[in-house]
Structures are given as C-alpha cells and as structure tokens.
S.K.: 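My questions will all concern the structure given below.
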Amino acid sequence: MSSKVRVRFAPSPTGPLHIGGVRTALYNYLFAKKHGGDFLLRIEDTDQTRFVAGAEKYIIESLAWCGISPDEGIGGEDRGNGPYRQSERKPMYRQYVDQLLADEKAYIAFDTADELDAMRQLAKDAGAANWQYNYITRGNMKNSLTLPKEEVEAKIAAGEPYVVRIKLPRNHEVRFEDTIRGWVSVNTNNMDDKVLFKSDGMPTYHLANIVDDRLMGITHVIRGEEWLPSAPLHVMLYEAFGWECPIFAHLPLLLKPDGPGKLSKRDGDRLGFPVFPIDWHNEETGETASGYREFGFFPGAFINMLALLGWNPGTEQEIFDLQGLIEAFDLSKVSKSGAKFDFEKGKWFNQLYLRALNEDQLAAELKKELDKEGLAYNEAHLGKIATMMSERATFPQDLLTEGQFLFSAPTEYDEKTASKKWTADSAGMMQDLALRFSALDDFTEEHIEASFKAYLEEKELGFGKVGPSFRLAVTGKGMGPSMFTICEVLGKDEVLARIEKAIAVLG
RNA sequence: GGCCCGUUCGUCUAGCGGUCCAGGACGCCGCCCUUUCACGGCGGAAACACGGGUUCGAUUCCCGUACGGGUCACCA
C-alpha cells in the first residue's frame, strides 16, 4: 500500500480567500479525512510586493468557521516540516536551485524585466503570437548559455541581478495523468523557460511549490484548474530533481452566474451576494467585502452548497454535514467543467438548515437578532415566535424582520389591505372584538380563536369579512402567521391597545 | 492569437453502448391545503451544441467544427 495521504491547501496572503478557494480547501480536507490522511495549510508568500496584512488570519478564521482545521502547518501543528510560510523558508530553496544549475537543468539569466518587456513588445509589433523565453530565443538572450563563463562569473561577482530559469528540453512530450481529467499532454516546444528563482533571492511559486510539496511529503495536489497550464512545468521540475510526482487533480472553476468568466469579487457586488466566506475589512480603503457568515449563512449550509458545486455523491442525496461529506467524497465524482455559481440554491440550503433547528435553537437565533437590534422582548415567547416565523425565513435575521410587528406596534398600515379590507363596518367589528377579548381570563391561542369564532357565528359573519381587518389592525399587514398565535404572544393589553390605535388611525 | 481543458433542462447535475421519447435538485408555472402569506403535498414546462465516423445500436467511443473556460510575468 502507498504511503499515508497528505494534501495541502496553499493560498497566498494577497487578500481575502474567495469561495472558490474555500471549496479547494474543502475538497483537500475531505479527501484527506476520507483517506485518514493529513491536511496541511501552507502560506505561499514569496511575492513580498503583494503581501496583505491580515490575509493569513482571515484564511484561518474562514476555514475555522467552515469547520476545517489543518492537521499541520499554519493554524495546525508543527510536525517538524516547518516553517510553513515560504518567506520563512527562503534559505532552504537556494540549494535546490544550485543543484539544478549544477545538473544543467537550469541556467542563469541577466535580462532585466524591462528588456524582456521590450522583447515581448517587439515580437508583438512584428505580429508574432506571443514571445517566449525558450530553447530558440534563449540563444539570443543574456544568460549563462550564451555568455562566456568568465563574464557570467564577473557579472555575479559585480552584484548584477539575475534570475535562474529552467532549461526545458526541446520537443519533449510532457505527460501526466490528472485524476479528474485523465491524461494531459503538452509539448515542451509550447512551454517556456520559466523563472525559478527571482533576482530578489526568492523562489517563484513554481520552484517553492515543488520543493515544499516534496519536503512536506505531499502525495496529492488538489488545486484549481487555473494551475493546469503550469502543471507540465511542475512535472518537468520533479523530473529535473529526479523526484516522483505527486498525483494531480485539477478542480473545475467557479464561474459567474451570468456572463462569461470566473467568479470574481465584482460579481458579488453587482449581483448582491457574497463571494467571501466571512466579512473582509480592507484596511487601506476602509471598505468591507461581505461574507457568508455575516450574511446569515450557517457554516453547514455554506459547506454543503460549496461541496455540491462541482462534485456529487452519485446518489440523490443533497444534504450532508461535514462528516457525511467526508464519507461520501470521491475525486472521481468531481466534474470536469466549470460551474456557474447559483446563489438561489445556496439560499435553499440555508433555509433547510434553519428549519432543521429545534425550538430552543431557533429561539437562540432570534435572541441574537433582537439583541443586535437592541429590541426588548419577553424571553418566554421567543421559542413560539421563532418557530412560527421559521417557516417563512431563510436567514436568522428573517426571524425578526418577518415578524417585526411582534416586538413593536405597527406605525403604518399596509395601504392595499387597508383600502380593500378596512370597510365602514370594520371599526365597529374591532370594537366588538376588543370587548370580547377584554373579557377573556385566559388569553391563549385556543381561547382567542374560540372567542373570535363565537363572534363570527353570533353576527353571522364570514371569516373573510373580519379576519383581514383584524390582522391589519394588530399587525399592520395583510398577511402573516395565525392571528391567534400572534395575539397570544402579544398579550391581551397589547392587542387591545393596537385595536384601539387602529380604529383611531383608520377610522 | 498560441497552448491546455471543457460542452446533458435557465442553473447545479445523474448517466460510464441498448434499462433514456434522458433521472434528481434549485428556480419557474399550475392545482390542493390554508381567513392571508409561508410551510407542506401533488403535477407541469424545460436539456443530450453541430457534423461526420465506429457499431446491429450512440447522451455514452473516435475525429472535426462551433461555442465556453483557463493560461501565456522576476504573481501566485
């Protein structure tokens, strides 16, 4: 049997992690747990210019909210493979670069970024598709392949900046088997001699990633499809080092709900849904990007939705908790094509999770919302109210907003209902009802209903004649839950006061 | 544009040569329940991109076209 499964999620701390990243982390986690393996979190911060303060903390907090905790690495244990931030591993990479250089699998290049830009522009102006630093062009560039050895040494000694590039063989078919996509093959003629080591002494992603995965014993590389084009380069690197390749699995991307392209932060703003797991506060601009947590999502619903975006269990089951996902997860059931993100489906999951809560849990959710708004309430009624409102709520805050009238008397009356249902007789009928209610000793749902119905019978009135205006008087609305439950919760005094007020306002 | 990857209802998807006049879910529509709304129940409309092969037989295999996506930095 092969060695223990070890996977990693390796984001760069350049900003908030978006939901595509969360899904990648989730799949890695599920895969690891399914196979009794380890899930590591590594921070790939080799680009100091793009570092964003707080991003690492955000990533850890986001994953924690989702119920994902790294076994090893950042936010997890140090099991002797650290450090787990590439910036802190800086001294470790040099020897690998030197090894490649010594084996002539890489070479030193002195061309500056400006020179390269100029070269690319020149090629573009000449109508060339795209310029590459490869087996053809490298012969005309300033590098250790073209310059005399003494000159190269002199330049280095003089402190002239340089990079190290991989030396790709000509016309070599690079093949690897992707778990999700099957065999992928690319000819080195279509690849270029990517920079492995930057002039600032830092490795590029490509080099650091391969070295770290090797050193950390990573067995499976599960990442987004945007990495597929560089996978052949990575394969060549493993080959250059003489190392065995991990198993690759490139995940389909999350796409915009409407137009073309992958899901971006802009889409969330434009279409009104979050693209981040939790709120992100941009310290520079002072802006806040909205997150699922603050939007009112339950982590379970969020994870459930994300898991099913690009993967399916092969059965018709759609509701899974984390443990269920771990048991059902299988890379072979991950789809190949990108998934357009559908927020509506996400809402449906949340609604389901909300309704699965028991009365006490619902009451606790409602209490949180009330406290947030600083509203007064009778604790004893919370369970009843929350349960009553839960069937028309998708998010915890709906428990409150949909039943606002339970906590404060209506200040205005729904116009449509008022004009249609509040007739000349309404005030009189409300007066009658008030009189009857005031005589009730036991102001409970059953008694209120009985009293109400007795009144209808006595006056030979239909429900539709009195009900709507009664609701309007007490709640200010034309629709909602059972009036009798509402009245019990409000209490006799409040109901009577509201009826009186409605008569005064509506006439 | 080069290279790579993909293409089943509006959306997420099942399907791994006959069981498919294609199944589930979200959304949408209708009916029932209900004083109303919601919930719930029942039902409906809705898809194999196109063209060639291979095969007795293609949604399923192969090729091409179209379309979609990704990627082409001393960013990850």
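Being a predicted model, the structure only gives us computed values, none of them experimental. Order of the sequence lines sets the chain letters (A, B, ...), proteins ahead of strands, with each chain counted from 1.
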S.K.: Let's see if you get this right: which residues in residues 163-181 of chain A place a heavy atom under 4.0 Å from RNA chain B?
M.R.: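 Here the set is A/V163, A/R165, A/R181.
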S.K.: Looking only at side-chain N and O atoms, does A/K333 come under 4.0 Å of OP1 or OP2 in B/G15?
M.R.: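 Result: yes.
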S.K.: Separation of A/K124 atom NZ from B/A73 atom P, in whole Å?
M.R.: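 My rounded result for the distance is 11 Å.
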S.K.: Scan side-chain atoms only and decide if A/H250 and A/R181 contain a donor-acceptor pair under the 3.5 Å cut-off.
M.R.: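 Their side chains do not contain a donor-acceptor pair, so the 3.5 Å distance test is not met.
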S.K.: Any carboxylate oxygen within less than 4.0 angstrom of a Lys/Arg side-chain nitrogen, looking at A/K167 and A/D193?
M.R.: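 Here A/K167 does not pair with A/D193 in a salt bridge, since their nearest N and O are not under 4.0 Å apart.
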S.K.: Side chain of A/P229 only, heavy atoms from C-beta on: which candidate in B/U71, B/C74, B/C26 is closest?
M.R.: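 Selected nucleotide: B/U71.
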S.K.: By nearest atom, which of the nucleotides B/C39, B/C5, B/U71 is closest to the A/K262 side chain?
M.R.: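 The answer is B/U71, which lies nearest to the side chain.
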S.K.: With a cut-off of less than 4.0 Å, is there a side-chain N or O of A/R355 near OP1 or OP2 of B/G40?
M.R.: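 Checking A/R355 against B/G40: at least one side-chain N or O falls below 4.0 Å of OP1 or OP2.
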S.K.: Just how far, in rounded Å, is P of B/U36 from CD of A/E402?
M.R.: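 Whole-Å distance recorded here is 18 Å.
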S.K.: Measure from the side-chain heavy atoms of A/T204 and tell me the nearest of B/C39, B/C4, B/C75.
M.R.: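 Nearest to the side chain of A/T204 among the choices is B/C75.
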S.K.: Go ahead and name the base partner of B/A47; Watson-Crick or wobble counts if both distances stay under 3.5 Å, otherwise write none.
M.R.: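 Because no pair has both required distances under 3.5 Å, B/A47 counts as unpaired.
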S.K.: Check A/T188 against A/R170 and note the closest heavy-atom contact, atom names and distance.
M.R.: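 So the minimum-distance heavy-atom pair works out to OG1-C, 3.6 Å.
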S.K.: Can you tell me if A/N312 touches the phosphate of B/A14, counting only side-chain N or O atoms and a distance under 4.0 Å to OP1 or OP2?
M.R.: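 The answer is yes; a side-chain N or O of A/N312 sits under 4.0 Å from OP1 or OP2.
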S.K.: Passes ring-ring contact (aromatic ring centres under 6.0 Å, His included), A/W311 versus A/Y27? Steps please.
M.R.: CA-CA 9 Å; A/W311 168 82; A/Y27 283 10; 7.2 Å; no
S.K.: Can you tell me whether the side chain of A/D200 and the base of B/C74 have a donor-acceptor pair closer than 3.5 Å?
M.R.: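 There is none.
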S.K.: What's the gap between B/A45 and B/G10 when it is taken at their C1' atoms, as a whole Å value?
M.R.: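 Looking at atom C1' only, B/A45 and B/G10 are 12 Å apart.
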S.K.: The test is ring-ring contact (aromatic ring centres under 6.0 Å, His included); show your working for A/F470 and A/F437 and say whether it passes.
M.R.: CA-CA 13 Å; A/F470 178 42; A/F437 289 163; 5.8 Å; yes
S.K.: Who does B/C61 pair with, Watson-Crick or G-U, both distances under 3.5 Å?
M.R.: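 Because both required distances fall under 3.5 Å, B/C61 counts as paired with B/G53.
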S.K.: Looking at A/S335, does any N or O in its side chain come under 4.0 Å of the phosphate oxygens OP1/OP2 on B/U13?
M.R.: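 So the side-chain polar atoms of A/S335 do come within 4.0 Å of the phosphate oxygens OP1 or OP2 of B/U13, strictly under.
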S.K.: Measuring only the P atom in each nucleotide, how far is B/C50 from B/G41? A whole number of Å is fine.
M.R.: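 Looking at atom P only, B/C50 and B/G41 are 36 Å apart.
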S.K.: Does A/E316 or A/S185 map to a spot on RNA chain B nearer the 5' end, using the closest nucleotide for each?
M.R.: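 Comparing both residues, the 5'-ward one is A/S185.
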S.K.: Which nucleotide, in any strand shown, forms a Watson-Crick or G-U wobble pair with B/G2, with both distances under 3.5 Å?
M.R.: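 Its partner is B/U71.
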S.K.: Have a look at A/G310 and say if it touches a base, only the backbone sugar-phosphate, or nothing, with a 4.0 Å heavy-atom cut-off.
M.R.: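 Sugar-phosphate only.
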S.K.: Provide the distance between the two P atoms, one in B/G24 and one in B/C56, to the nearest whole Å.
M.R.: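 Their P atoms lie roughly 34 Å apart.
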S.K.: Distance check needed: B/C72 P versus A/N187 CG, whole Å only.
M.R.: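 After rounding, the reported distance stands at 19 Å.
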S.K.: Side chains of A/E488 and A/T444: is there a donor and an acceptor less than 3.5 Å apart?
M.R.: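 No, no side-chain donor-acceptor pair sits under 3.5 Å.
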S.K.: Considering only atom C1', compute the distance from B/U8 to B/C21 and round it to an integer number of Å.
M.R.: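 That atom pair is separated by 15 Å.
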S.K.: What orientation do A/Y292 and A/F341 show, parallel under 30°, tilted 30 to 60°, or perpendicular over 60°?
M.R.: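 Perpendicular, since the angle between the ring planes exceeds 60°.
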S.K.: Hey, are A/E225 and A/K262 close enough for a salt bridge, meaning a charged N less than 4.0 Å from a carboxylate O?
M.R.: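 Here A/E225 does not pair with A/K262 in a salt bridge, since their nearest N and O are not under 4.0 Å apart.
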S.K.: ring-ring contact (aromatic ring centres under 6.0 Å, His included) between A/F452 and A/F463: does it pass, once the steps are laid out?
M.R.: CA-CA 9 Å; A/F452 186 89; A/F463 215 134; 5.2 Å; yes
S.K.: Atom CG of A/D111 and atom P of B/C74: how far apart are they, to the nearest Å?
M.R.: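 These atoms are roughly 10 Å apart.
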S.K.: Counting primed atoms plus P, OP1 and OP2 as sugar-phosphate and everything else as base, spell out the protein contacts along nucleotides 60-66 of chain B at 4.0 Å heavy-atom distance: B, S or - for each nucleotide, 5' to 3'.
M.R.: -------
S.K.: Considering only B/C5, B/C75, B/C12, which nucleotide approaches the side chain of A/A339 most closely?
M.R.: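 Between B/C5, B/C75, B/C12, the one nearest the side chain of A/A339 would be B/C12.
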S.K.: Checking contacts here: which listed nucleotide (B/U7, B/U11, B/A76) is nearest the side-chain heavy atoms of A/S337?
M.R.: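 The listed nucleotide nearest to A/S337's side chain is B/U7.
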S.K.: Using a distance-only test with no angle check, is there a side-chain donor-acceptor pair under 3.5 angstrom linking A/E173 and A/N187?
M.R.: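 Yes, side-chain donor-acceptor contact under 3.5 Å.
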S.K.: Between atom CE in A/M388 and atom P in B/U34, what is the gap in whole Å?
M.R.: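 To the nearest whole Å, that distance equals 20 Å.
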S.K.: Looking at A/T46, I'd like to know whether one of its side-chain N or O atoms comes within less than 4.0 Å of OP1 or OP2 on B/A76.
M.R.: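 Answer is yes, contact under 4.0 Å.
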S.K.: When you measure from the side-chain N and O atoms of A/K194 to the phosphate of B/C72, is any distance below 4.0 Å, counting only OP1 and OP2?
M.R.: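 A/K194 to B/C72 OP1/OP2: no side-chain N or O under 4.0 Å.
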S.K.: If we take the P atom in both B/G68 and B/C62, what is their distance in whole Å?
M.R.: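 Those two atoms are separated by 23 Å.
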S.K.: Find the distance A/L354:CG to B/A38:P and express it as a whole number of Å.
M.R.: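 Rounded to whole Å, this separation is 17 Å.
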S.K.: OP1 or OP2 of B/C75 versus the side-chain N and O atoms of A/K198: is any pair under 4.0 Å?
M.R.: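 Answer yes for this pair, as a side-chain N or O of A/K198 is under 4.0 Å from OP1 or OP2.
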S.K.: On RNA chain B, does the nearest nucleotide to A/E226 precede the nearest nucleotide to A/L309 from the 5' side, or the other way round? Give the residue.
M.R.: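 So the residue in question is A/L309.
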S.K.: Whole angstrom is fine here: how far is it from CD in A/E391 over to C1' in B/C39?
M.R.: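 That distance rounds to 5 Å.
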S.K.: Taking only the side-chain nitrogens and oxygens of A/R120, find out if one of them lies under 4.0 Å from OP1 or OP2 of B/C74.
M.R.: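 Indeed, a polar side-chain atom of A/R120 lies that close.
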S.K.: With ring-ring contact (aromatic ring centres under 6.0 Å, His included) as the test, would you mind laying out the steps for A/F295 and A/F343 before giving the verdict?
M.R.: CA-CA 12 Å; A/F295 202 90; A/F343 188 59; 5.6 Å; yes
S.K.: Please determine, for the side chain of A/P468, which listed nucleotide (B/U35, B/C5, B/U71) has the closest atom?
M.R.: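 From the listed options, B/U35 comes nearest.
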S.K.: Which nucleotide, in any strand shown, forms a Watson-Crick or G-U wobble pair with B/G30, with both distances under 3.5 Å?
M.R.: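 B/G30 is paired with B/C42.
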S.K.: Only pairs with both distances under 3.5 Å count, Watson-Crick or wobble alike; so what is the partner of B/U7 in this structure?
M.R.: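 Pairing partner, where one exists within any strand: B/A66.
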S.K.: Could you check if a side-chain atom of A/Y96 sits within less than 4.5 angstrom of a side-chain atom of A/L215, using non-hydrogen atoms only?
M.R.: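 They are in side-chain contact.
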S.K.: Tell me: CG of A/L399 to P of B/A38, nearest whole Å?
M.R.: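 Value for this atom pair: 17 Å.
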S.K.: Taking CD in A/Q48 as the centre, count heavy atoms belonging to other residues, nucleotides or ligands within less than 6.0 Å. Is the count above 12?
M.R.: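 More than 12 heavy atoms, drawn from other residues, nucleotides or ligands, come within 6.0 Å of this atom.
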S.K.: Return yes if the base of B/A25 and the side-chain atoms of A/K345 contain a donor-acceptor N/O pair under 3.5 Å, otherwise no.
M.R.: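 Yes, a donor-acceptor pair under 3.5 Å.
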S.K.: Honestly, is A/R42 close enough over A/F9, meaning NZ or CZ under 6.0 Å from the six-membered ring centre and within 45° of the axis?
M.R.: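 No.
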S.K.: What's A/S199 touching, base or sugar-phosphate or nothing? Going by heavy atoms closer than 4.0 Å.
M.R.: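 It contacts base atoms.
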S.K.: Is A/W348 stacked on the base of B/C26, with ring centres under 5.5 Å apart and planes under 30° apart?
M.R.: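 It does not: the two rings, one from A/W348 and one from B/C26, miss the stacking criterion.
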S.K.: Please give the distance between the C1' atoms of B/A46 and B/C28 as a whole number of Å.
M.R.: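 The answer is 10 Å between these two C1' atoms.
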S.K.: Whom does B/A14 pair with, Watson-Crick or G-U wobble, provided both distances fall under 3.5 Å?
M.R.: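 For B/A14, the partner nucleotide comes out as none, under the 3.5 Å rule.
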